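To start, the structure under review is shown below, and the notes come after it.
Just so it is clear: chains get the letters A, B, ... in the order the sequence lines come, proteins before strands, and each one is counted from 1. For clarity, every value in this text was computed on a predicted model and none was experimentally measured.
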Amino acid sequence: MPRLKIDGREVDAAENATVLEAAREAGVAIPTLCHHPETGALTSCMICVVRNAAAGKTLLACASAAEEGMDIVTNDDEICALRRDTLALLLAEHAGDCEGPCERACPAGLRVPQMLRRLQQGEGADAATIAREDLIFPGILGSICTAPCQKICRRGQYDQALAIRACHGGAAETFPEKLEQPQPASGKSVAIIGAGLAGLAAARVLAQHGHACRLYEREDRVCPGLDDSIPDAIREAEFAFLKIWNVATFLATDVDMNESGQSESVMTLATCLEENDAVILAIKDAETPNHERIIGAREETMPVRAVAAGKRAAWRVQALFAGEEYQEKRMFNSRLGRLEENDLEAYAVERKERCHECEGQHALFMVSRAGMNAAPDGNASELSCAAQKEAARCLHCDCLQPTTCKLRLYAEEYGVTLGGKRNLPHRIILPIERAGAILFEPGKCIKCGVCIALTRKYGIDPGMTIAGRGVKSRVRAALGATLQAGLGSVAEACVRACPTAALAFENESHCEQP
Amino acid sequence: MDVDLREVDRIIETHGRDRQALLPILQDVQRLFRWLPPEALRRISDVTEITPADLDGVASFFPMFRDTPGGRHTICVCDGTACHLKDAERVFDASLKALDIAPGADTDARGQYTVQKVQCLGCCTLAPAVQIDGITYGHVRPDTVLEMIEDFERATAAAADEKGRPRPLPDAPPEIRICLDSCCIAGGNGRIRDVVDETLARYRLPAVVKPVSCVGLCHLLPLIEIAVPDEEIYTYTKVTTDAVSDILLRHIPPPGAFGRLRAAAERRLEKLYAGESESPVRRVAPREPDITHFLNIQCRIATEHSGETNPADLEEYIRLGGFAALRRCLDMAAAEPGAPLNGDAIIDVIEKSGLRGRGGAGFPTAEKWRIVRNAVNSTKYIICNGDEGDPGAFMDRMLLESFAYRVIEGMLIAAAAVGAEQGIFYVRSEYPMAVERTRLALDQCRNAGLLGDNALGDGRFFDAEVREGAGAFVCGEESALIVSLEGRRPSPRFRPPFPAYSGLNGKPTLVNNVETLAMVPWIFRNGPEAFAALGTPTSPGAKVFALAGKINHGGLIEVPMGMTIRQIVEEAGGDVTEGHTFKAVQIGGPSGGCIPASLADLPVDYEALTEAGAMMGSGGLVVMDDTDCIVEMARYFLEFTQMESCGKCVPCRVGAAQLLTMLDNLCAGRGDTVDLDALTRLAEVIQQQSLCGLGKTAPNPVLTGLRHFRDEFEAHIHGRCPAKKCRPLLTYTIDADTCIGCTKCAQACPSGAITATPYEAHLIDQETCVQCNGCVDVCPVNAVKVE
Ligand SMILES: Cc1cc2nc3c(=O)[nH]c(=O)nc-3n(C[C@H](O)[C@H](O)[C@H](O)COP(=O)(O)O)c2cc1C
Ligand code: SF4
Ligand code: SF4
Ligand code: SF4
Ligand code: SF4
Ligand code: SF4
Ligand code: FES
Ligand code: FES
Ligand code: FES
């Protein structure tokens, strides 16, 4: 049994073990993409690189035998830099978006494609729930948002952008919320200064988590700046939580921003601080004092930004209460960006057909709020029919496995940044292929060779193969066969073995936000 | 076109049904149908052991296999290093235009011609070279493309007439030596040989035409030598067809009535080669006195007897000492019949000689042999690597065409040393003549009992066969070569295990380069000490180089190691062209790097070159002068490696493409998008992280360029090309004082950037100018200035 050091620890490796196996045995994680226990080393991804300090050389952990006297370093700066730069190369040819352009563009981060899929499948209530979770006030925003998501919607490049705003507005309206009881009281209280969209959004999130909220507003009504054109019904429905959850609302109450002074007649920031566990400053153009328990949530002119600011402030308060460091949750995102004319067709062709209902034959159907409401008595089935058709136009730009894809996780872990003079795209856009419930997105394939090795091992005829060479090489079913035939009886195993979402089940995941 | 599956079946019958038959079957199918029809592929997968995945993976890997029907004839425009430097790109464009081929297509509407780019036809000194089917044309210019195609059509028509006509070969002693290697035929020797034959027949001259091994004087072609017994040998270079009869008549007295012709011939010749010294020196080329030097500084080991021996004459090879080395080895290693030979004795000699692999990396040959010898396995293979994919090198081709017996003898000695029974010559299919001659030589050796049951004495069997590659640089990498032989997609494997431990079919396999094996017999005949005495302590012996680029004499040379680059350029190469200065050499092809003139006193030695950031590589040596751009050269090599990357591992697959984009940007006037630090880092990542030598060495041309000519890279970032090579970076202006208003430039400008203003100074509109250089070419007074 060879004895070697891995990250300074003495390890006895099994006979014929690879460095990777020895490390895993010893509990040291080494990243791998093309490694699969059933196939033997494929040595294509180069991510498992480690250094043998005893020889002063780097080596591939998945393919190199663990040898007596090795001194393996798995994670120093040089190795991490090599991994990062290699990942960046993989991502340079990666043709896919981890999150759809629309959801990245929405300041409040609405999971647009997920919501649209619910609508498309006639699950309007679920769609409304997603919209409410992410947008807090989907109905209001459905009326007044400037809809940056629609400006970037990829379908817009193809013919016309999805009517995203109308979809979440309509869904919210058609499927009104039945407010449930908030979580049990936490015993904490938060003062929120400013009852604009930011303050209200923060209040809603915090109240839902059982925190007592005190909302202060200078004017004599909540959200004074809100556009008058918004139907009262929507406004009332979305602010109903204030009453139902008993959020203490102090209208026409000016709060003196003086941090230290106290006064009988006017409310001051100092008093707020004293009476509450945290304070959220949700007003326009005010400097947030540097205080651990004061959290700023700028009331922005753009409504959706204000909502986003309120949400973020609420999360920070949550973190404060939990005694954690607040961290902005922004995962690494592979981005496809704007497509060339000819790539667009290849990109869209199979995606359009993911709408089974009508096999992609929809005429362009614009949903307007009026259109959605056109049905008599708000008949939900009629309504969702319009929304359904609109939603079916979505190209599903988001990824099928955004939370399990190893490429994304490693990109996040090693801090890959893309763009600039460093990274030039080298991607080829090819249409999606389908085998039953399995989708193959060639653009997301990293040519690791695992599915090829598996189909070979299990004697699938014709099996998968790699065709062409160099940057133009691609994985495909051999000799022009269908994906179904190429993957054969090991299709599911291949999906599970695929390190990215290149091979994925159509209906898996989609749901939870990372 | 209907696909006759019976033909496919017949091909399968000839090659067998196991996996190893994959490449040969595909090659024959391609030859037959001029593409690989899907029906044929399906048939192959149905009736053989070959899986669809392997078929698809391999068929789509090699550019020679087409997935659409190709034309009846294939025009291969060489885009190898030397041809590239001589504007092959424009010849390619002109060919497409001449045949009216639609943009994006490669075959003309009538299905007659397919035009494609190929890497090095092995006639670099005739650059730019074009090959139509078997016929090679040298020094092709864009404006002579049509002429070339017409000539080809005439030639094929004539060949159809002449089929089967035997060539008369009189058996009298005077020899007319002419090299008929592929490069020399392309250089005109083929046509000269026809005229020689005709002349001999017409005057009934008692002489034989002897096809001989190549002397490597590519720049002086066509070339013949007259060897009259007991007389000096006369070399005639750049022979014209008109001069042939005069040359022959001068040396060989014609019988009877033709006698008086002779004196006249002599007179005419003297006129033709005026200035020749009184007494003809042995091997002097009239008017080219420094050819002596070209030959004299050389040292013939792999190319021993060059220009004297007939490549297809086994008896002659034996008469000149051939196979003596093998016999000596067999004596040295003698063992009881039935017992294995004592190969260690042989390996000791190789060790003493210090021989290192000529395939690129310079691995000590003895060490490799010993590993294979010590491997305990009853089956061992030897592979002679003749894939030679470096776009600027052709020495292995020449060695196999001219000295196949020597390589075979080397292989036999290696077989005796390591205990192998089967050998394979892996030769690229772009070298049809090398394939054919090696096959022929093997057949002759087999008939003579040198191969087969008793090849290694006392009933010890050894035999070898030729297997054709399909044209991919990466197939020269030993592990890819082996997978390719096994009928798989030629992607390199992770090593270790090295082939010497586990190679072809998992058996210990010795992979040696052609030249390495060609060195071996000499070592045993002359002693390892003599070999070690040549060259430097760490790099003994001699090395064959393909010398090309901006020098007066290009060609194949074999020089002792340790000679300086300057000596090679100035003495063997006859220095750079008059009026230009020597700037750098690019050594080692796409894996190597450039060495600036300031380091030209560097000896050619594995270590010294590596230290300078370059690499011995296979031995391509391209000389650059002040008009050559280092950035452009790096770009060219990267384009090559990028195209040849197998695509298996990420750093090479994507990294090379990224690096190429950066270099493209530099050369195309988008230099401001390039960051040299990012470029360097990318190059380092590719170097460190790639799986095989192709990727690991691909950034070398860039990195050496940056090391020695960083200012040139920086200039490109700022939109200047100091060598004035990268046209998009140039500004064309007309000097008003010099311009005579002849309007020629205005007529020549394809984009209408110049308005004709007769008798007045002309003006170039910078917006419209496409930097084609057309105005410069036509201006009679050099008024066009390029900055
Ligand atoms: C990309 C690449 C291409 C190569 N091409 C050749 C080649 O054309 N001929 C050759 O002999 N060796 C070539 N080699 C080197 C071989 O892998 C191997 O080292 C060599 O054949 C060993 O022979 P030697 O020990 O006699 O040098 C190549 C290596 C790489 C990485
Ligand atoms: S496959 Fe992974 S990296 Fe690619 S888009 Fe999906 S989650 Fe992102
Ligand atoms: S319309 Fe506004 S709120 Fe709605 S998804 Fe788009 S950006 Fe987000
Ligand atoms: S097509 Fe769908 S997923 Fe893509 S950007 Fe538009 S709404 Fe988002
Ligand atoms: S599709 Fe196959 S080759 Fe591509 S990433 Fe997935 S497993 Fe690897
Ligand atoms: S380095 Fe290049 S040629 Fe070598 S295995 Fe990797 S991709 Fe293939
Ligand atoms: S190379 Fe080791 S896991 Fe991919
Ligand atoms: S023949 Fe063209 S480069 Fe060699
Ligand atoms: S002259 Fe024969 S190889 Fe060039």
Side-chain angles (χ1 to χ4, degrees), chain A residues 33-34 41-47 49 58 60 62-65 78 81-94 420-427 446-449 452 455-456 459-474 476-481 485-486, chain B residues 38 41-42 44-45 51-63 472 474 489-497 641-662 665 672-679 681-682 684-686 688-692:
Chain A
L33 287 170
C34 70
L42 299 172
T43 57
S44 65
C45 77
M46 308 303 183
I47 293 305
V49 61
T58 57
L60 292 180
C62 71
S64 307
E78 183 207 333
L82 280 178
R83 289 194 191 133
R84 185 186 59 231
D85 291 349
T86 308
L87 285 165
L89 291 176
L90 271 176
L91 286 158
E93 69 167 354
H94 201 68
K421 291 182 179 182
R422 278 187 166 274
N423 263 94
L424 313 160
H426 277 281
R427 51 188 197 201
I446 59 166
K447 290 132 195 166
C448 68
I452 299 173
T455 53
R456 173 191 287 276
I460 307 300
D461 189 344
M464 300 295 284
T465 193
I466 186 148
R469 68 166 148 184
V471 262
K472 294 204 183 116
S473 59
R474 57 170 294 206
R476 69 176 181 204
L479 292 185
Chain B
L41 290 179
R42 228 159 284 136
I44 298 169
S45 87
T51 66
D54 282 337
L55 261 175
D56 197 357
V58 171
S60 63
F61 188 90
F62 296 103
V474 76
R489 203 181 140 80
S491 279
R493 272 201 298 103
F494 179 79
R495 302 172 306 166
T641 29
Q642 191 266 133
M643 218 157 55
E644 295 294 327
S645 158
C646 81
K648 172 170 175 164
C649 71
V650 193
C652 166
R653 176 177 77 229
V654 190
Q658 294 225 340
L659 207 50
L660 177 62
T661 312
M662 292 182 182
N665 285 344
D672 54 337
T673 62
V674 180
D675 170 25
L676 287 189
D677 293 334
L679 188 144
R681 171 65 187 163
L682 178 58
E684 284 165 4
V685 172
I686 300 172
Q688 282 202 36
Q689 287 278 80
S690 292
L691 178 63
C692 85

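A donor-acceptor pair is defined here as one N or O able to donate and one able to accept, closer than 3.5 Å; such a pair exists between the side chain of B:Q689 and the backbone of A:M46. A:T465 places a side-chain N or O within donor-acceptor distance of the main-chain N or O of B:A53, the cut-off being under 3.5 Å.
Contact annotation for A:A41: neither backbone nor side-chain heavy atoms come within less than 4.5 Å of a heavy atom of chain B. For B:A472, the parts lying under 4.5 angstrom from a heavy atom of chain A are both the backbone and the side chain. Both the backbone and the side chain of B:P63 come within less than 4.5 Å of a heavy atom in chain A. For a residue to count as touching a neighbouring chain, one of its non-hydrogen atoms must lie under 4.5 Å from one of that chain's; by this rule B:V650 touches chain A with backbone and side chain alike. When heavy atoms are compared at a cutoff of 4.5 Å, A:T58 approaches chain B solely by way of its side chain, counted from C-beta outward. For A:T43, the parts lying under 4.5 angstrom from a heavy atom of chain B are both the backbone and the side chain. For B:R653, the parts lying under 4.5 angstrom from a heavy atom of chain A are both the backbone and the side chain. With a 4.5 angstrom heavy-atom cutoff, B:P651 touches chain A via backbone and side-chain atoms both. Only the backbone of A:A477 comes within less than 4.5 Å of a heavy atom of chain B; no side-chain atom from C-beta onward does. Both the backbone and the side chain of B:E644 have a heavy atom closer than 4.5 Å to some heavy atom of chain A. No part of A:I47 comes within reach of chain B, as not one of its non-hydrogen atoms sits under 4.5 angstrom from that chain. Looking at B:S45, the atoms closer than 4.5 Å to chain A (heavy atoms on both sides) all sit in the side chain, from C-beta outward.
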Residues A:D85, B:E684; criterion side-chain contact (heavy atoms from CB on, under 4.5 Å); working and verdict: CA-CA 10 Å; A:D85 291 349; B:E684 284 165 4; over 6 Å; no
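For A:T455 against A:I452, the heavy-atom pair with the smallest separation is OG1-O, 3.0 Å. The nearest pair of heavy atoms linking A:I460 to A:G486 is CG2-O, 3.5 Å. Minimum heavy-atom separation, B:Q688 to A:E78: OE1-OE2, 3.7 Å. Minimum interatomic distance between B:S60 and A:I466 (heavy atoms only, all atoms of both residues): OG-O, 4.3 Å. Contact between B:V474 and B:C692 at its shortest, heavy atoms only, is CG2-SG, 4.4 Å. Considering every non-hydrogen atom in both B:D56 and A:A467, the closest pair reads OD1-CB, 4.4 Å.
The ring-ring contact (aromatic ring centres under 6.0 Å, His included) search around B:F494 returns none, not counting sequence neighbours.
Between chain B and the options A:R469, A:K447, A:E93, A:H426, heavy-atom pairs under 4.5 Å are most frequent for A:R469. Among A:A88, A:S64, A:G480, A:G449, the residue making the largest number of heavy-atom pairs under 4.5 Å with chain B is A:S64. Residue with the most contacts toward chain B among A:M464, A:K472, A:R476, A:R456: A:R456 (heavy-atom pairs, distance under 4.5 Å). With chain A as partner, the option from B:V674, B:L679, B:L55, B:I686 having the largest number of non-hydrogen pairs under 4.5 angstrom is B:V674.
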